[in-house]
Amino acid sequence: MKTPLIFERGGQGHHGVSLPRPDVEPVRLKVPLRQRRPQLPQVSELEVVRHYTECSLRVKGVDHLFYPLGSCTMKYNPKVAEDAAALEGFIDVHPLAPQEAVSGCLEVIDTLEQALKEICAMDAFSFQPAAGAHGEFSGLMTIRRYLESQGQTQRTVVLVPDSAHGTNPASAVMAGFTVRQVPSTAQGLVDVEALRAMADETTAALMLTNPNTLGLFEQDILEITRIVHQAGGQVYYDGANLNAVMGIVRPGDMGFDVVHLNLHKTFATPHGGGGPGSGPIGVRRHLAPFLPSPRIVDGRIMPEREQDPGRVKMFYGNFGVIVRALTYVMMLGKEGLRRSSLMAVLNARYLQKRLSERFALAVQAPCMHEFVLTLQPQHQQLHVSALDFAKGMIDRGIHPPTMYFPLIVEEALMIEPTETEPKAVLDEAAAIFFELLQLAQTHPQILRDSPQTTPVGRIDEVQAARHPILRYQREDDPCC
């Protein structure tokens, strides 16, 4: 049954709140801010409550269903982290309070920094960035300020693999660099010889995710970082896939100079729908003076410095996310973090093995935390696309994987089961994949018409992207 819009509920004269009569005289503006009254729905309190409750029941997340959204690490987050973040001493503080009044909060940030420095083999962190892409931009600005201090203004190029997240080249351009694409081999890894030919005196940095977006560990990582360093560049670690190696191998030991972490992926903050997020950046010692400021050092707020990029966000970052992350680290400990990564890899390899019985892998190699299927054979033989399979999954109670990414794989489905899913759920997911494959072979039109159990069925996605309807259109609205 279709859920009515809030504008389609209520009626003339319905209202749900009575404001107290003002005790001051109203002021009339000489120039009206609106040409006419806002066209708001007239609804009672009960109608409002029922509407948003009904909408909330249609929202699906990790707490509802299997959510294998590749490269996003949509794992279940323990509720103890939510309890910690909601403690009165953390939520009832003001960011402009004197240091003496928020020493506990400062200690939280400092303690998490010490833990992340150990996990990543970095020497200093800034917690200001609000998300992963924001961390990328901040890390690149840190590199840029460092290069400027060294008089290396000719280093204007950032190298980015062709399998990278789209935010990598976007962040590089925003930070004032130009981008050159490094090709991948047939095995889905960085083409080392191509990188060797590209790295030169113009190279500012290489941005790399390891494991990469195909879920493969870059086996030549030490040679890759050596090539860039030999050319005089810095190596940037995109921490989107840290969940595969946390507690096992450290970015600093692989030769990376800068790392951003997605606390909202790896360290126990639910995400999706635009937030909340946190993308702290860690650096080696030579880059520490160029981190965004102010920073928290030894539990004290350090003043801004002339050589750093300044603030990239107000105050010290998304503090609630930082509290959740510290809770998660303290709860699991060193061995627990390592085990979570091992379980993430085990789950991914198990599901990869099950699905490879009937689907083609993008790369024939054991994966780390995620893997990529190519549905190109189904598309060519059955005229059913990866999009059709994804829509069919919605009808069967699992969230679709990431579609059509990485871009170097035709008809890609990128699947990340995470460490929090039990074997029974993975077997159920495999059964759904096989059921959809059988449907594609016998009744493909049903898949092409999916989803069929949702309030809105298959939409014209091209038209929705090019001509979005961003506001409710009333029949009596002269603007429509």
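Hydrogens, waters and symmetry mates play no part in the numbers below; they use all other heavy atoms, side chains included.
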* Please work out which of the three classes, parallel, tilted or perpendicular, describes the rings of F434 and F359, given edges at 30° and 60°. => parallel

* Side-chain touch L242/F267, heavy atoms, less than 4.5 angstrom -> yes

* So does E416 pair up with K265, basic N to acidic O under 4.0 Å? -> no

* Structure fact -> The reported gap from CG in L159 to OG1 in T178 (rounded to nearest 0.5 angstrom) is 9.0 Å

* Would you please test E54 and R9 for salt bridge (charged side-chain N to carboxylate O under 4.0 Å, His left out) and show each step? => CA-CA 13 Å; E54 191 173 336; R9 293 181 181 267; 3.0 Å; yes

* Would you confirm whether S341, through its side chain, and M246, through its main-chain N or O, come within 3.5 Å as a donor-acceptor pair? => yes

* Asked: Within the side chain of R358, is there an N or O that forms a donor-acceptor pair under 3.5 Å with the backbone of L437?
  -> no

* Asked: Could you walk me through whether L208 and I221 pass the side-chain contact (heavy atoms from CB on, under 4.5 Å) check?
  -> CA-CA 10 Å; L208 192 66; I221 187 60; 3.5 Å; yes

* Would you sort out whether I398 and V425 count as a side-chain contact (heavy atoms from CB on, under 4.5 Å), showing the intermediate values? => CA-CA 10 Å; I398 66 175; V425 172; over 6 Å; no

* **Minimum side-chain heavy-atom gap L140-M207 below 4.5 Å** => yes

* Asked: Should the heavy atoms of other residues, nucleotides or ligands under 6.0 Å from CD of E410 be counted, would the total exceed 12?
  -> no

* With side chains defined as the heavy atoms from C-beta onward, is the minimum distance between N168 and V158 less than 4.5 Å? -> no

* Structure fact -> Looking only at heavy atoms, the pair that brings C120 and F125 closest together is SG-CZ, 4.3 Å

* To do: Could you tell me whether a side-chain N or O of Y237 sits under 3.5 Å from a main-chain N or O of N210, the two making a donor and an acceptor?
  => yes

* Asked: When rounded to the nearest 0.5 angstrom, what is the spacing between CG in L373 and CZ in F389?
  -> 10.0 Å

* Return the minimal non-hydrogen interatomic distance between Q234 and V228, and the atom names on each side. => O-CG1, 3.5 Å

* Asked: Between the side chain of H229 and the main-chain N/O of T225, is any donor-acceptor distance below 3.5 Å?
  -> yes

* To do: May I ask you to test the L337-I119 pair for a side-chain heavy-atom distance under 4.5 Å?
  => yes

* Determine whether more than 12 heavy atoms belonging to other residues, nucleotides or ligands lie under 6.0 Å from atom CZ of F7. => yes

* Asked: Does the pair N77 and H271 meet the rule for a side-chain hydrogen bond (donor to acceptor under 3.5 Å, both in side chains), with working shown?
  -> CA-CA 10 Å; N77 297 285; H271 69 292; 5.7 Å; no

* To do: Would you sort out whether R458 and D388 count as a salt bridge (charged side-chain N to carboxylate O under 4.0 Å, His left out), showing the intermediate values?
  => CA-CA 10 Å; R458 183 73 67 97; D388 296 328; 3.0 Å; yes

* Carefully, step by step, assess T167 and F137 under the rule side-chain contact (heavy atoms from CB on, under 4.5 Å). => CA-CA 9 Å; T167 53; F137 170 77; over 6 Å; no

* For the pair E118 and R250, find out whether any cationic side-chain nitrogen is under 4.0 Å from an anionic carboxylate oxygen. => yes

* Measure the spacing between CZ of R448 and CG of L382 and express it to the nearest 0.5 Å. => 8.5 Å

* **Validation row: Y328, L263 side chains within 4.5 angstrom (heavy atoms)** => no

* Asked: Given R50 and E47, is the salt bridge (charged side-chain N to carboxylate O under 4.0 Å, His left out) satisfied, shown in steps?
  -> CA-CA 5 Å; R50 283 182 175 170; E47 288 166 329; over 6 Å; no

* Asked: Between D162 (side chain) and S184 (backbone), is there a donor-acceptor pair under 3.5 Å?
  -> yes

* Interatomic distance, F127 atom CZ to S138 atom OG [nearest 0.5 angstrom] -> 13.5 Å

* **Heavy-atom neighbours of I469 CD1 exceed 12 at 6.0 Å** => no

* Determine the sole option in M368, K75, E370 for which the side chain to side chain contact (heavy atoms under 4.5 Å, CB included) test with N243 is passed. => K75

* Asked: Around Q441, counting heavy atoms of other residues, nucleotides and ligands shown, do more than 12 lie under 6.0 Å from its CD?
  -> yes

* Asked: Would you say the side-chain atoms of T402 pair up with the backbone N or O of G70, donor to acceptor, closer than 3.5 Å?
  -> yes

* For H134 and V312, indicate whether the former's side chain and the latter's backbone hold a donor-acceptor pair under 3.5 Å. => yes

* **Result of checking N241, N212, V249 against F217 for side chain to side chain contact (heavy atoms under 4.5 Å, CB included)** => V249

* Evaluate the side-chain proximity of D427 to Y350: yes if any heavy-atom separation is below 4.5 Å, no if none is. => yes

* So, does T213 use its side chain to make a donor-acceptor pair with the main chain of S163 at under 3.5 Å? -> yes

* Distance-minimising heavy-atom pair for N347 and T418 -> ND2-O, 2.9 Å

* Asked: Taking H260 for the side chain and D238 for the main chain, is one N or O donor matched with an acceptor at less than 3.5 Å?
  -> no

* Heavy atoms of other groups near H443 NE2, more than 12 under 6.0 Å -> no

* Identified side chain to side chain contact (heavy atoms under 4.5 Å, CB included) counterpart of V283 within the set I143, V259, V258 -> V258

* Asked: Taking all non-hydrogen atoms of both residues, which atom of T269 and which atom of R324 are closest, and how far apart?
  -> OG1-CD, 3.1 Å

* Structure fact -> Residues N318 and A130: closest non-hydrogen pair is ND2-O, 3.9 Å

* Mind checking the CG-CD spacing from L447 to Q452? Nearest 0.5 Å is all I need. => 9.0 Å

* Any side-chain heavy-atom pair from V190 and D220 closer than 4.5 angstrom? -> no

* Quick one: pull up CG in L426 and NZ in K353 and give me the separation to the nearest 0.5 Å. => 15.5 Å

* Report yes if some heavy atom in the side chain of I224 is under 4.5 Å from a heavy atom in the side chain of L195; otherwise report no. => yes

* To do: Kindly check if the number of other-residue, nucleotide or ligand heavy atoms within 6.0 Å of CE (M330) is above 12?
  => no

* To do: Evaluate the criterion side-chain hydrogen bond (donor to acceptor under 3.5 Å, both in side chains) for residue pair E411 and Y404; output intermediate values, then yes/no.
  => CA-CA 6 Å; E411 295 296 322; Y404 300 114; 3.1 Å; yes

* Minimum heavy-atom distance between G139 and I281, given as atom pair plus value -> N-CD1, 3.8 Å

* Which word best sums up how the rings of Y67 and H399 line up, parallel for under 30°, tilted for 30 to 60°, or perpendicular for over 60°? -> parallel

* Residue pair R349, Q352: steps toward the side-chain hydrogen bond (donor to acceptor under 3.5 Å, both in side chains) verdict -> CA-CA 5 Å; R349 289 190 178 183; Q352 180 193 44; 5.8 Å; no

* Any donor-acceptor N/O pair, N262 side chain to H264 backbone, under 3.5 Å -> no

